[in-house]
Amino acid sequence: MKHVKTLAGATLKMSAAHGGCGECQTSCQSACKTSCTVANQKCEQSK
Amino acid sequence: MIHTFEALGCHIALDVASGAVHVLDKMSYDLLNCVEPPMAEHCPAEVAEKLPQYDAAALEECWQELLELVKAHQLFEEETYIDPSWAVVKNTPIKALCLNVAHDCNLRCKYCFASKGGYGTGRMLMSFETAKRAIDFVVERSGKRQNIEVDFFGGEPMMALDTCKKTVEYARSIEEKTGKKFRFTMTTNGMLLNDENMKYFNEEMKNCVLSLDGRPCVNDKMRVTAGGHGSYDIIVPKFQKLVAGRGDKEYYARGTFTRENLDFADDVMHMADELGFKNVSVEPAVGKADDPLAITEEQVPQVCAEYEKLAERLVNRPDINFFHFFVDLEQGPCVIKRMRGCGAGNEYVAITPEGDIYPCHQFVGNPDFKIGNLYEGTFDKEIAEKFCGVNVYTKEDCRKCWAKFYCSGGCSAGNYNVNGDIMKPSKVACELERKRLECAIAIKAIRAGLAEE
């Protein structure tokens, strides 16, 4: 495309198909625990 | 729902439901901001009239590109593919512990949420017997989950190092038998680090969180000893030595910024460039408006500007990993995980030295949130279920927010501390989170070479 470039596709929607295993890191959002956005964690199944 | 924003000179559109992210030129960005879905096959005259600065044929070209994305389900995608019941967790396994091994501390940090380490419940250390019970508790409650996280926390957990070591030894001894895999984290202020325990941490701890606020003047104003002396000169050489021996294991130099150092970008760069810590996190002090150090609503624009300034300094520094600017747009957690929130009170609990169980470390000492006790064998399902019901669809503010699948609904304790309600997000925390996400995505766009020349 000339005017629009895609940085990431529909990854979130695709993740619904294989998601929910619960093995990924707990994602505490509290400021005192080096809170992370959930999105910056890895899916255990993608390792 | 889409979110369009400008950051670091980039024009970006995030398609909330699909997770797609697009980088646009100025014309297509301006056009997209005039679009009301569903999109027609061609650019309507009334839309073109709103953008008289652009040529109609060029706008039509942009329109067709946007329409192509709609047809590819990467723009204006509906959330209808998401079943809100996915977010409902019932009888979820507990698989992560915040093990408060020390309700005591050898520093007196001015912003400490834990009453200078004692959590308001008196200073005490956890015995190995209690820690062992905690490990047995999580093994029993973790069902089929294989990965178990244990965070040694406090206060200063190194004040109970013997308990930590015995706990690791015990957990490792039952890994094979139980089929579990323990991952330990140590969050420390560094005061008690020595060569021996550094070596131990670098062997056994999957992650080390090293508390340091940045520049000496900033750190030593907040992170002081009981005698009121700054801790920087004591801890920095120890942290550097620990990190030097850490290999490729995870660590973070982790600081807090308060309303007294809103120029925190300098603290990040100090830790990264002058001290050599390439994994850095600084977090805002959060709390009610009358908290003398917490970031106020009035300060949000200044903090957001500082985040953007930091992003400008880091965009060409891929060697520095600033925690909040790292976002995985390709292989992050699934949408189901992102709906469910932090897991406090269901998959994650905190255990005190007395064996009391709380939804997370932030609720420790608040009797209204005490779930149970390891020695009494109690577990109040009613409190746990209250937390099971917290997700991005049950919180009104989250439901309509574009960032909901990136923060997963934020911190329940933060919500409670600021608004008195775990379901009511903190405005300051949310605004800062959204700004950090925008910066993170813009950095990705520029590093991918997609920014407009």
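First the proteins, then the strands, lettered A, B, ... as listed; each starts at 1.
- In this structure, the portion of B:A17 lying under 4.5 Å from any heavy atom of chain A is its backbone and not its side chain.
- Residues A:A16 and B:I336 share a closest heavy-atom pair of O-CD1, 4.1 Å.
- The SG atom of A:C21 lies 13.0 Å from the NZ atom of B:K144; values are rounded to the nearest 0.5 Å.
- Of all the heavy atoms in B:L329 and A:A8, the pair that sits closest is CB-CB, 3.8 Å.
- Within the model, atoms CG of A:L7 and CZ of B:R447 stand 12.0 Å from one another, a figure rounded to the nearest 0.5 Å.
- For B:V282, no part lies under 4.5 angstrom from a heavy atom of chain A.
- Closest of all the heavy-atom pairs between B:C334 and A:S15 is CA-OG, 3.4 Å.
- In this structure, SG on A:C24 lies 10.0 Å from CZ on B:R338, to the nearest 0.5 angstrom.
- Between B:R145 and A:E23, the shortest heavy-atom contact is CA-OE2, 3.4 Å.
- Neither the backbone nor the side chain of B:D15 comes within less than 4.5 Å of any heavy atom of chain A.
- Nearest approach of B:K337 to A:Q25, heavy atoms of both residues: NZ-O, 2.6 Å.
- Counting heavy-atom neighbours within 6.0 Å of B:K26 NZ, excluding the residue itself, gives a total above 12.
- Expressed to the nearest 0.5 Å, how far CG of B:D25 lies from NZ of A:K5 amounts to 7.5 Å.
- Top candidate by heavy-atom pairs under 4.5 Å with chain A, chosen from B:G19, B:S28, B:P333, B:A96, is B:P333.
- Looking at B:E79, there are no atoms closer than 4.5 Å to chain A (heavy atoms on both sides), in backbone or side chain.
- Rounded to the nearest 0.5 Å, atoms NE2 (A:H3) and CG (B:L32) are 13.5 Å apart.
- Contacts of B:E149 with chain A are made by side-chain atoms alone, with heavy-atom separations under 4.5 Å and no backbone atom involved.
- In terms of heavy-atom pairs under 4.5 angstrom with chain A, the leader among B:L69, B:V21, B:D328 is B:V21.
- Interatomic distance, B:Q74 CD to A:K13 NZ, rounded to the nearest 0.5 Å: 10.0 Å.
- In terms of heavy-atom pairs under 4.5 angstrom with chain A, the leader among B:I441, B:L24, B:V335, B:I82 is B:V335.
- Shown here for B:F405 and A:L12, the closest heavy-atom pair between the two residues is CD1-CD2, 3.6 Å.
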**OP:** Begin from the C-alpha positions of B:E68 and A:V4 and carry the test side-chain contact (heavy atoms from CB on, under 4.5 Å) through to its verdict.
**Re:** CA-CA 10 Å; B:E68 196 176 316; A:V4 184; over 6 Å; no
